[in-house]
Amino acid sequence: MVAIGAAIGGLIGHLWWGIAGALAVELTRQFVNLHQFDHWLRNRNRRDPPDAGGLWGEIVSQVSRLHRRKQFHKQRILRLFRELRRSTASMPDGVVALNPLREIVWFNRKAGELLGLRRKTDFGLQIGSLVRVPEFARYLEKGDFSAGLRVHPRIGEAFCIEFQGVPYGEGQMFLLVRDVTRQAHLETMRKDFVANASHELRSPLTVIAGYLETLALDEDLPADLRPPLLEMRRQAERMTAIIADLLELSRLEATDEQVVGNPIDVAALLALLRKDAVVRDAGQHVVDMRVESPEGLMGDPGLIHSAFSNLLDNAIKYTPAGGAITLRWWTDEQGGHFAVTDTGPGISEEHLPRLTERFYRVDAGRARDAGGSGLGLAIVRHVLQRHGGTLKVESVEGRGSTFSCHFPPLRLVHEPVALPDDTRYSA
Ligand code: ADP
């Protein structure tokens, strides 16, 4: 273009005017192209790309390609997002996404329904300020999401929801929310049924056991009736023990609330348990006691007695005569620990996870012969749960077992207090 301008300028004798005119025309052309390009960029969704050649044409086609690619990805993400929203909305369970500060980032429709969350106003709010249940605050604070948490968010109503935290990323988490009102209701019915049935069975059984006892004292009873009568008494005693344990378990299951209790002098309790055991055992086992800490335990004296004596009774029941049993109490920065170690038959590893299930027995025949109800360890587990503690079982088949109870440091009492008068172990 400049060359043409220069040639024309040369011909008419004004070279520079010719060049200047050519530059002006070129500048105007570029300006028009730029203007068209700008206009198209601003309205590119509605207009066709400008029909420019050369470098402008190249630029326009590059930008068009980029634009098409962006549109394609945008549509895809939009489609995905809509699908995700539709699928999470149709989920039967609620999901809430929380950031590390436990603020609501997102929730689906079901979570909104169950927790009464509003889409516009509740985003960014702390979940704890919206779900005002103390156990829920503790659940989030503790950070142990291996199990869920059931709560009744509305006082006095059967409505029950279960939370399950699912941590991910760097401190973020999904909170799954389920309506478990029906399951909770069925569970309550089952517990009530067991408690009522046990209660109803207790009176007739007491009468039968009473008559059997009277009959056994009758000196005129024919000799051949004595063995069956003895067996009937033994079975009646077993049934009485099962019913007593079922009732205790029902009482324990009635609530999940933590026991506050009283200070318990563990050293004195162990001495008492040992003395009782030695009397009952009539010297068949060596029962040792190692109290390594003067600290006491804050708890329900009756329940703690029941748990510890269940473990000691098991050790005596399952350890053959001549074996040794050791009771041990010690404390450290992790809390208070009570352990019963025996030199009995031990338990093989596959049974250990199921040991605290109701009526679970490693060797049903032997356990029945030993007079067990199959509920002892379930009771121990519940008692410990109510005290924030855990039960641990270590066992080597053929060598013996150690059942240990672990209580958190908060449960320790640094100055042991005398036993309250009304404890069951004050005899
Ligand atoms: P049970 O009343 O039958 O003793 P538990 O719940 O107390 O019921 O114990 C469950 C099962 O665990 C027992 O049947 C027994 O097989 C096993 N068990 C418990 N303690 C011991 C132990 N110290 N040594 C060996 N086995 C044990």
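First listed ligand is number 1; within each ligand, the first listed atom is number 1.
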- Query: Between the main-chain N or O of Asp192 and the side-chain N or O of Asn196, is there a donor-acceptor pair closer than 3.5 Å?
  - Reply: yes
- Message: Closer than 3.5 angstrom, by distance alone: can the side chain of Glu135 be matched with the main-chain N or O of Val151 as a donor-acceptor pair?
- Response: no
Under a 4.0 angstrom heavy-atom cut-off, which atoms of ligand 1 come close to [X]?
{"X": "Ser401", "result": "24 (N)"}
{"X": "Leu355", "result": "12 (O)"}
{"X": "Arg361", "result": "3 (O), 14 (O)"}
{"X": "Lys317", "result": "1 (P), 2 (O), 4 (O)"}
{"X": "Ile347", "result": "25 (C), 26 (N), 27 (C)"}
{"X": "Phe403", "result": "19 (C), 20 (N), 21 (C), 22 (C), 23 (N)"}

- Item | Pairs meeting criterion ring-ring contact (aromatic ring centres under 6.0 Å, His included) with involvement of residues 192-223, two or more places apart | none
- Short N/O distance, under 3.5 Å, between Gly376 and ligand 1? yes
- Query: ligand 1 and Leu377, any nitrogen or oxygen pair closer than 3.5 angstrom?
  - Reply: yes
May I ask you to identify, for [X], whether its side chain, its backbone, both or neither come under 4.0 Å of ligand 1 on a heavy-atom basis?
{"X": "His351", "value": "neither"}
{"X": "Val362", "value": "both"}
{"X": "Thr356", "value": "neither"}

- Message: Enumerate the salt bridge (Lys or Arg N to Asp or Glu O under 4.0 Å) contacts for residues 61-83, please, sequence neighbours excluded, ordered by first and then second residue.
- Response: none
- Message: Nearest non-hydrogen contact with atom 10 (C) of ligand 1 belongs to which option: Tyr318, Tyr360, Phe359?
- Response: Tyr360
- Phe107 six-ring face occupied by Arg119 cation (under 6.0 Å, within 45°): yes
- Message: Quick check with a 6.0 Å cut-off and a 45 degree axis cone: is Arg328 positioned over the face of Trp330's six-membered ring?
- Response: yes
- For the pair Glu237 and Arg234, find out whether any cationic side-chain nitrogen is under 4.0 Å from an anionic carboxylate oxygen. no
- Message: I'd like to know if Glu357 pairs up with Arg381 as an ion pair, taking the criterion as any Lys NZ or Arg NE/NH1/NH2 lying under 4.0 Å from an Asp or Glu carboxylate oxygen.
- Response: no
- Have Thr402 and Glu394 got a donor and an acceptor in their side chains that come within less than 3.5 Å? no
- Item | Proximity flag Gly374 to ligand 1, non-hydrogen atoms under 4.0 Å | yes
- State if Arg358 counts as touching ligand 1 under the rule of any non-hydrogen atom under 4.0 Å. no
